[in-house]
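Quick note: numbers below take in every heavy atom, side chains included, and nothing from hydrogens, waters or symmetry partners. The first residue of the sequence shown is numbered 1, and numbering continues consecutively from there.
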Amino acid sequence: MKIRTLLVDDEALARARLRQLLEAESDIDLIGECADGREAVAMVQKALPDLVFLDVQMPELDGFGVLEALSGQPMPVIVFVTAHDKFALRAFEVHAVDYLLKPFDRERFQAALRHALEQVRNRAAG
């Protein structure tokens with residue numbers, strides 16, 4: 001089963017780094033990238049990804065605002081990606097499965113991805 005994955009980050013370099021890491025993963029289907037929160041809400045509603053790598057700080061609508069806008073709908077597995085550790089507690093309060101602190105290395109990314117994929121598969125299994 002290919003895991004439908006969406007990248008959301010207002011920084012092009014951050015999206016490129018995530019894309020590079022995900023392209024090496026055979027069970028990932030990268031279905032899109034968004035540069036802001038409003039675009040992310042629309043894409044999640046339309047494309048129904050299994051997994052979203054979501055930046056916390058973005059102009060207009062931040063990562064938490066994206067989750068609020070999607071409340072009441074089927075929620076993808078969320079991995080927050082940010083340069084600020086001050087949001088970690090809040091991220092877990094909204095049930096993010098992991099919190100990648102920029103800059104992160106391949107090993108840390110792999111750990112977050114394994115955890116997220118396990119969550120996606122558990123949901124699919126019922």
Side-chain angles (χ1 to χ4, degrees):
M1 166 180 142
K2 287 269 198 180
I3 308 300
R4 297 167 46 78
T5 305
L6 178 65
L7 303 181
V8 182
D9 198 309
D10 61 327
E11 297 173 31
L13 280 173
R15 288 193 314 275
R17 170 84 170 127
L18 285 168
R19 182 182 335 109
Q20 173 200 16
L21 290 166
L22 287 167
E23 284 172 348
E25 301 295 325
S26 60
D27 39 4
I28 295 293
D29 177 14
L30 190 54
I31 61 169
E33 298 181 20
C34 301
D36 65 63
R38 296 194 194 291
E39 189 183 350
V41 170
M43 180 69 105
V44 168
Q45 290 172 332
K46 183 179 135 218
L48 304 174
D50 302 306
L51 172 60
V52 177
F53 285 87
L54 181 62
D55 188 14
V56 174
Q57 288 193 297
M58 296 180 288
E60 293 182 46
L61 190 64
D62 68 9
F64 296 110
V66 168
L67 296 185
E68 277 178 35
L70 293 169
S71 70
Q73 301 172 41
M75 191 66 69
V77 169
I78 302 294
V79 174
F80 275 114
V81 183
T82 183
H84 306 278
D85 62 358
K86 66 184 178 186
F87 301 113
L89 181 60
R90 186 167 174 210
F92 291 109
E93 287 171 352
V94 296
H95 309 291
V97 298
D98 214 324
Y99 192 89
L100 278 172
L101 193 58
K102 298 174 190 173
F104 51 85
D105 60 19
R106 180 178 297 273
E107 187 176 318
R108 177 65 185 96
F109 172 80
Q110 292 291 339
L113 181 62
R114 276 193 308 275
H115 188 204
L117 293 178
E118 183 180 306
Q119 291 295 314
V120 170
R121 292 184 179 113
N122 286 346
R123 284 185 185 186

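Counting all heavy atoms, side chain and backbone alike, Glu68 lies closest to Ser71 at O-OG, 3.0 Å. Taking all atoms of both residues into account, the shortest heavy-atom contact from Ile31 to Ala47 is CD1-CB, 3.7 Å. In terms of heavy atoms, Asp10 sits closest to Asp55 at OD1-OD2, 2.9 Å. Here the closest non-hydrogen pair linking Asp36 and Val8 is O-CG1, 4.2 Å. In plain terms, the two heavy atoms of Val120 and Met1 that are nearest each other are CG1-CE, 3.8 Å. In this structure, Lys102 and Ala14 approach most closely via the heavy-atom pair NZ-CB, 3.9 Å.
Counting only residues at least two apart or in different chains, ring pair (Phe, Tyr, Trp, His ring centres under 6.0 Å) contacts with residues 28-47 are absent. Listed by first then second residue, pairs satisfying ring pair (Phe, Tyr, Trp, His ring centres under 6.0 Å) with a partner in residues 58-84 read Phe64-Phe80, not counting sequence neighbours. The stretch residues 101-126 participates, sequence neighbours left out, in these ring pair (Phe, Tyr, Trp, His ring centres under 6.0 Å) pairs: Phe53-Phe109.
A continuous path of Ile, Leu, Val, Met, Phe, Trp and Tyr side chains, each step under 4.5 Å between heavy atoms, connects Leu101 with Ile78, placing both in one hydrophobic cluster. Hydrophobic clustering (side-chain heavy atoms under 4.5 Å, transitive across Ile, Leu, Val, Met, Phe, Trp, Tyr) keeps Val77 apart from Val41. One hydrophobic cluster, built from ILVMFWY side chains closer than 4.5 Å, holds both Leu30 and Ile3. When hydrophobic clusters are built by joining Ile, Leu, Val, Met, Phe, Trp and Tyr residues whose side-chain heavy atoms come closer than 4.5 Å, directly or via intermediates, Leu61 is grouped together with Met75. Connection of Leu70 to Val94 is established within a shared hydrophobic cluster, with ILVMFWY side chains joined at heavy-atom distances below 4.5 Å, either directly or through further cluster members.
Within the 4.5 Å cutoff, the side chain of Pro76 has heavy atoms near those of the Val44 side chain. At least one side-chain heavy atom of Val97 sits less than 4.5 Å from a side-chain heavy atom of Val79. Contact of the Met58 side chain with the Arg38 side chain is not registered, since no non-hydrogen atoms from C-beta on lie closer than 4.5 Å.
Atom CG of residue Asp29 and atom CG of residue Leu6 lie 11.0 Å apart, to the nearest 0.5 angstrom. Once rounded to the nearest 0.5 Å, the distance linking NZ of Lys2 with CD1 of Ile28 reads 8.5 Å. For the atom pair OG1 of Thr5 and CG of Leu113, the computed distance is 7.5 Å after rounding to the nearest 0.5 Å. How far CZ of Arg19 is from CG of Leu7: 7.5 Å, rounded to the nearest 0.5 Å. Atoms CE and CD, from Met43 and Gln45 in turn, are 12.0 Å apart once rounded to the nearest 0.5 Å. Annotation: the span from Leu100 atom CG to Leu21 atom CG amounts to 9.5 Å, rounded to 0.5 Å.
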> For Asp50 and Leu117, what are the C-alpha separation, side-chain angles and deciding distance, and is it a side-chain contact (heavy atoms from CB on, under 4.5 Å)?
Replying inline: CA-CA 9 Å; Asp50 302 306; Leu117 293 178; over 6 Å; no

>> Please evaluate residues Arg108 and Asp98 with respect to the criterion salt bridge (Lys or Arg N to Asp or Glu O under 4.0 Å), reporting the C-alpha separation (whole Å), side-chain torsions for both, the decisive distance (0.1 Å), and the verdict.
In response: CA-CA 10 Å; Arg108 177 65 185 96; Asp98 214 324; 2.5 Å; yes

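Using a cutoff of 4.0 Å between basic side-chain nitrogens and carboxylate oxygens, Asp9 and Arg17 are not scored as salt-bridged.
A donor and an acceptor atom, one from each side chain of Glu11 and Gln57, are nowhere located under 3.5 Å apart.
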